[in-house]
Amino acid sequence: MLIRKNFSEDAYKKAAEPKELYIVPDAGHVDLYDRVGLIPFQKLADFFNHYLK
C-alpha cells in the first residue's frame, strides 16, 4: 500500500496550535471514507474534548 503522508505533514506544519499529527495505521486517505472501523473515534473525541471547552 502506498501511503502519502507528505500532504498531511505539509498541512500539519501550516496549522496553528493546538495540533496533533496522528497517522492511522494501515489506512490511506480513501480508507477513512469506507472503512469506518479504522477511524480512531476515541482519539478524535479526546482531542476535541480537551481543546474545545
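- Side-chain contact between Ile39 and Val24: absent, with no pair of heavy atoms (C-beta onward) separated by less than 4.5 Å.
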Would you give me the side-chain donor-acceptor pairs under 3.5 Å for residues 9-18, sequence neighbours excluded?
| residue | atom | partner | partner atom | Å |
| --- | --- | --- | --- | --- |
| Glu17 | OE1 | Lys19 | N | 3.4 |

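- Between Val30 and Leu32, the closest side-chain pair of non-hydrogen atoms is not below 4.5 Å.
- Pairs engaging residues 41-53 under the side-chain hydrogen bond (donor to acceptor under 3.5 Å, both in side chains) rule: Glu20-Lys43, Gln42-Asp46 [sequence neighbours left out].
- Take Tyr33 and apply the ring-ring contact (aromatic ring centres under 6.0 Å, His included) test, not counting sequence neighbours, and it matches His29.
- Distance check, rounded to the nearest 0.5 Å: CG of Leu52 to CZ of Phe47 gives 7.5 Å.
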message = One pair to check against side chain to side chain contact (heavy atoms under 4.5 Å, CB included): Leu21 and Ile23. What are the steps and the verdict?
response = CA-CA 7 Å; Leu21 179 62; Ile23 305 299; 4.2 Å; yes
